[in-house]
Each structure stands twice: as structure tokens, then as C-alpha cells.
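Accompanying notes for the structure given below.
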Protein chains: 2
Amino acid sequence: MLTTKRHEIILALLKKRKTASIHELSEHTGASISTIRRDLEKLEQEEKLKRVHGGASQITNNRYEPELEEKQGLNEPAKAEIGKAAAELIEEGDCLFIDAGTTTQQILPHLEDKNVVVVTNAYHFVTTLLGLGVEVYLTGGRAKAKTGALIGVQAEETLQSFRFDKSFIGMNGIHAKHGYTTPDPEEARVKRLAMDLSKRAFVLMDDSKFQQVSFSKVGDIRDAEIITNREEDSILSEIQKTTRVKVVKI
Amino acid sequence: MLTTKRHEIILALLKKRKTASIHELSEHTGASISTIRRDLEKLEQEEKLKRVHGGASQITNNRYEPELEEKQGLNEPAKAEIGKAAAELIEEGDCLFIDAGTTTQQILPHLEDKNVVVVTNAYHFVTTLLGLGVEVYLTGGRAKAKTGALIGVQAEETLQSFRFDKSFIGMNGIHAKHGYTTPDPEEARVKRLAMDLSKRAFVLMDDSKFQQVSFSKVGDIRDAEIITNREEDSILSEIQKTTRVKVVKI
DNA sequence: TCATTTTCAATCATTTTCATTCAAAAGGAA
DNA sequence: TTCCTTTTGAATGAAAATGATTGAAAATGA
């Protein structure tokens with residue numbers, strides 16, 4: 001029996017049932033227990049299935065959730081502090097835009113029962129916000145799994161019908177010369193538009209984003225204020241010449 | 001029996017009933033009391049359930065979900081069958097609108113890896129659909145906790161930029177004379193618009209909705225086709241004079 | 001309150017499964 | 001063929017899961 005064929009059989013069986021034991025698979029393919037183990041090891045590396053004690057189980061359908069949750073773990077305390085600092089700027093009656101992203105997400109818990117209206121392009125913020133008793137508007141648009149954002153013409157159109165007191169934007173890179181950048185051009189347009197529609201725009205960034213440059217430019221340094229945990233250094237000083245920076249300690 | 005499999009069984013049972021005793025679970029899975037205890041301990045750590053003296057109970061995530069989940073339970077088998085029947089109408093390459101609602105939600109599992117584009121006004125369908133590998137567009141709008149729908153001018157504006165091969169609409173009432181009705185006028189407008197933008201519009205309704213009249217009119221009987229589990233009777237016959245009805249058995 | 005019953009957490013012995021190693025078998029190239 | 005690499009199956013001790021047992025804790029009912 002060809003190795004590839006065996007792999008197919010294993011995956012096919014797992015598609016029908018949610019789990020399968022090593023012994024079932026061994027019997028079903030005619031291969032020995034050891035071989036099946038090796039197969040499962042390889043297939044797990046390829047993210048085709050998940051090994052469990054005694055066998056294997058289907059990979060959790062959610063192509064989306066894991067990515068976001070993984071990301072969530074990175075630099076978590078910093079993000080939480082930045083989110084808290086952002087929330088402190090919010091006043092009664094504010095109309096806010098909150099961009100999709102793991103850092104901006106940290107603002108949410110601080111909005112409980114605040115009298116604000118939130119517009120967001122993050123479809124998975126909605127349930128949380130409603131639960132906190134906040135009035136929520138979602139932009140339309142195409143749903144992007146990787147970042148959990150809504151993008152495209154519909155997102156931009158919907159945004160046009162709002163004006164914000166404050167907007168909180170996530171960003172992938174900031175560079176003294178190249179300004180704010182992010183990988184996806186369509187996301188960049190939405191961020192840019194939200195900034196333009198706000199009296200005050202805040203970019204939330206942990207220190208790892210400094211001097212990074214991504215593919216799509218969102219704007220120049222002066223186009224927004226910055227909230228970060230970056231410690232004082234020459235790069236930060238340079239940026240502070242151009243715009244206001246709120247520095248949080250962790 | 002695989003450990004993972006047992007965990008799934010436990011969670012599945014808890015999803016149906018609100019609580020389950022250790023003994024029930026032991027009997028149901030064939031595992032010993034000790035093993036079940038260990039399972040519950042682990043699953044509680046993962047926040048999948050809450051242990052209580054003598055067994056375990058469902059976890060309630062937040063203030064919002066319960067309402068919708070309660071509703072979910074009502075007439076569940078009927079809704080599942082109706083959702084399945086609706087999915088059978090879908091063809092390769094279709095552009096679909098799927099309305100927010102517990103009945104329309106039952107279509108989702110049948111969309112796995114189908115080559116379709118889905119537009120929806122239900123913000124909590126997005127993650128599921130992306131997980132199934134479907135391209136998703138969300139309408140904009142104000143998020144309504146009670147029904148999980150996006151409504152208002154932004155929703156209508158976003159919808160205008162699409163045309164659908166088929167739309168699947170949830171509805172609260174159908175009446176031979178008064179047509180389709182639903183409680184919220186803003187939701188009614190969205191439903192109406194989606195129907196207008198579709199080559200074929202389908203209203204999904206379990207039999208409890210017949211001869212019900214709600215506050216806001218969505219349209220006349222002939223404005224959509226109907227998918228229901230209503231058994232043959234005079235009321236259904238009357239309606240069938242006006243429009244096509246697909247009847248499912250449960 | 002107290003006594004009784006049920007459930008719980010901790011521990012132990014047993015069984016099952018796992019990762020690692022090694023040698024045989026099966027290809028592939030010169 | 002011979003030499004070399006890859007795949008396979010078996011063997012091993014280590015790790016994990018399981019079921020039974022026990023005294024402590026919690027619930028129950030008088």
C-alpha cells in the first residue's frame with residue numbers, strides 16, 4: 001500500500017467520523033500500529049488532523065479562531081495596558097470607531113455601561129459589546145478570516161455615513177519616515193478613512209511595531225496620535241517631534 | 001473509547017439538557033465514575049462546562065447568547081430539516097443572501113466547501129461560514145442583540161450593492177390574507193429588500209408561524225416561495241394557490 | 001442538631017498508548 | 001548485481017489513562 005493512499009484513507013475516515021482510534025486505522029488500512037503513528041505524526045505536522053491520545057481527531061473547522069487566538073497571546077500584557085489607556089480617553093456620549101485587531105480589542109472590557117456609540121469593522125466584537133450594554137454599528141464588507149476585519153467597498157461606504165469623536169486604529173508598522181503601514185491594501189483604506197472621519201484618531205501599537213514597514217501605507221505620523229508601551233529612546237523622540245504620543249508602562 | 005470522543009459525548013449531552021449527573025454520563029459513555037470525574041475536571045479547566053455537586057452543567061457565556069440559544073431549542077428538529085431542504089436548492093456558484101435567524105442558521109452546516117458567496121446580515125454567522133470555507137460579505141448596520149441581525153439604513157445601503165441568485169429569509173408570521181410579517185419594522189425593510197434583490201426568494205418557516213400576524217408587513221404571499229414542515233391542511237392549500245411551497249417531513 | 005447517604009479528591013495498581021530505537025524489507029541509482 | 005536511502009514492523013521503557021479503593025467533605029432528612 002502506498003503511503004499517500006494510506007494518508008488519504010485516514011483523512012477520509014476522519015472526515016466521516018470526528019475521531020478514529022489507532023487500532024481502527026491500523027485495521028482499516030492493513031498497516032501496523034507503528035506505521036499509523038508515523039502517519040498521524042506527519043499529517044499532524046501538515047495540520048490535516050489533530051492527534052489525541054489513542055488516535056486522531058478532525059481538525060477544528062475554525063480556520064479562523066486559532067490564528068487570532070495565537071496572535072492574542074503575543075505581547076498580551078502590553079496590549080492590555082494600551083487598551084486600558086485608550087479607554088481612559090473616552091468620554092460620555094462619544095461616538096467611537098474601533099478598528100479590528102487584538103490590541104484594539106483590549107479596549108472593549110472598559111466600555112461596560114458607558115454611554116457611547118461604537119462603530120467597528122470587527123464582526124467578532126459585536127457580541128461582546130452588546131453584552132456590555134453598548135450600542136453597536138457594524139460596517140459592511142467582505143469578512144477576512146485572518147484579521148477578523150470587514151473590508152472592501154461596502155466597508156468604506158458604510159463608514160462614510162458616520163463621523164467619529166475618536167477612532168482607535170490597530171497598525172502593523174510605524175516608521176519615522178514611512179509613517180503607518182499595514183499588509184493589506186484594503187484594510188489600509190478602511191483605516192485611513194476612519195482616521196479621516198474622526199476628530200481625533202489614535203493608533204494603538206505595542207513596541208514591537210516600531211521601525212517596521214509593511215506593504216500598504218495608511219498615513220503619515222502626524223495623521224494620528226499614538227498610544228504605545230514603547231520606552232523612551234531616540235526613535236520615539238524622533239516620532240514625538242511630529243505627533244502626540246501617550247506612553248504606558250507595564 | 002477515545003478520551004476525546006468521550007469529551008465530545010459529554011459536551012453534546014450537556015448541550016441538549018442543561019445538566020447531567022455523573023452517573024448518567026458514566027452510563028452514557030460506558031466509562032467509570034472516576035474517569036468521568038477526571039473528564040469533568042479537565043473540561044471545566046477548558047471552560048467548556050461547570051462542575052456542580054453530583055455532575056456538571058452548561059456554561060452560560062455572556063448576557064447575550066442565552067436569549068438566542070433559548071430560541072434555538074424551540075422546534076429544533078423542524079428547523080434543522082427546513083434548513084437542510086433549503087440547502088438542497090443551492091447550486092454551484094450561487095450568490096446567496098441568508099437572513100439572520102435560528103431557522104436560516106440551520107442552512108450553514110450544509111455549505112461546507114460549496115463554491116458559493118454568502119451575504120448575510122447576521123454577524124454571528126461569519127465565523128462559522130469562514131470556518132466552512134465560504135466567502136462571506138456582511139451587511140453593515142446597527143447590531144440588534146435580540147435577533148442577532150444588522151438593521152437600519154447602513155444595512156439597506158450595503159444590500160443595494162448586491163444581487164442574489166437566491167435569498168433565504170426567516171419570518172415570524174405568515175397569513176393567507178396579511179402575507180409575511182415580523183415584529184421589527186427595520187428588520188422588515190431589510191427582509192423585503194433582500195427579497196426584491198433576488199431571482200428567487202425563499203421564506204423559511206416552521207409550522208408554528210402559520211396564521212400568525214406580526215406588527216410589520218414584509219410582503220405578500222406571492223413575493224416568495226416557502227419552505228416549511230407544515231402538514232397538509234386547508235390553510236396550506238390556500239397558500240399553495242398563490243405560491244410554491246416545499247414541504248419537508250420530520 | 002445528628003445520623004445517614006451521596007459525592008468528592010487523592011492514591012494505587014493495572015492497562016493502554018507513546019516515543020525511541022533497531023533491524024529487516026523495499027525500492028532507486030550506478 | 002551492489003550500495004544507499006527510505007519505509008516498515010517489532011521491541012523497549014516511559015508516560016498517560018483507567019478503574020477501584022479509601023477517608024474526607026458535602027448534601028439530605030429526620
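FYI, side chains are in, hydrogens and waters are out, and symmetry mates aren't considered; it's all heavy atoms of this structure. Since the model is a prediction, treat every value here as computed from it, not as a measurement.
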Dot-bracket line, read 5' to 3' along DNA chain D, where crossing pairs take [ ] and | marks a partner on another strand, Watson-Crick or G-U under 3.5 Å: ||||||||||||||||||||||||||||||
L11(B) side, atom CG; H7(B) side, atom NE2 - distance, nearest 0.5 Å: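 NE2 of H7(B) is found 8.5 Å from CG of L11(B).
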Using a cut-off of 6.0 Å, state whether more than 12 heavy atoms not belonging to [X] lie near its atom [atom1].
X: E46(A); atom1: CD; answer: yes
X: K114(B); atom1: NZ; answer: yes
X: R6(A); atom1: CZ; answer: yes

Between [X] and [N], is there a side-chain N or O to OP1/OP2 distance below 4.0 Å?
X: T35(B); N: dT18(D); answer: no
X: R51(A); N: dT17(C); answer: no
X: T3(B); N: dT18(D); answer: yes

Sidechain-backbone polar pair: N121(A) side chain, A100(A) backbone, donor-acceptor under 3.5 Å: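 Looks like yes, one N/O pair under 3.5 Å.
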Short side-chain to backbone donor-acceptor contact, T104(A) and D99(A), under 3.5 Å: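 Side chain of T104(A) to backbone of D99(A): a pair is present.
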By ring pair (Phe, Tyr, Trp, His ring centres under 6.0 Å) - contacts of H178(A) (at least two apart):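 Ring pair (Phe, Tyr, Trp, His ring centres under 6.0 Å) check on H178(A) returns H175(A).
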Closest non-hydrogen atom pair, A31(A) against I36(A):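 Here A31(A) and I36(A) meet closest at CB-CD1, 4.2 Å.
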Side chains of [X] and [Y]: donor-acceptor distance under 3.5 Å anywhere?
X: T147(A); Y: E187(A); value: yes
X: K79(A); Y: T102(A); value: yes
X: S214(A); Y: N172(A); value: no

Within residues 18-26 of chain B, residues whose heavy atoms come under 4.0 Å of DNA chain D: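 Within residues 18-26 of chain B, no residue comes under 4.0 Å of DNA chain D.
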Atom pairs and distances, donor-acceptor, side-chain atoms in residues 83-94 of chain B, under 3.5 Å, two or more places apart:
from, atom 1, to, atom 2, distance (Å)
E91(B), OE2, K166(B), NZ, 2.9
D94(B), OD2, E91(B), N, 2.9
D94(B), OD2, K166(B), NZ, 2.6

For nucleotides 26-30 of chain D, give me every protein contact, N/O to N/O, under 3.5 Å, one pair per line with atom names.
none

Charged N-O contact under 4.0 Å between K144(B) and E186(B):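 Looking at K144(B) and E186(B), the cut-off is not met.
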Identified side-chain contact (heavy atoms from CB on, under 4.5 Å) counterpart of L204(A) within the set I107(A), I226(A), T228(A):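 The residue from I107(A), I226(A), T228(A) that satisfies side-chain contact (heavy atoms from CB on, under 4.5 Å) with L204(A) turns out to be I107(A).
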What is the distance, to the nearest angstrom, from the [atom1] atom on [X] to the [atom2] atom on [N]?
X: M1(B); N: dG19(D); atom1: CE; atom2: P; answer: 10 Å
X: I36(B); N: dA20(D); atom1: CD1; atom2: P; answer: 13 Å
X: L40(B); N: dT7(C); atom1: CG; atom2: C1'; answer: 12 Å
X: Q45(B); N: dA9(C); atom1: CD; atom2: P; answer: 12 Å
X: R6(A); N: dT7(D); atom1: CZ; atom2: C1'; answer: 9 Å
X: I33(B); N: dT18(D); atom1: CD1; atom2: P; answer: 14 Å

Below 3.5 Å between N/O atoms, which protein atoms pair up with nucleotides 20-24 of chain C? Just atom names and distances, please.
none

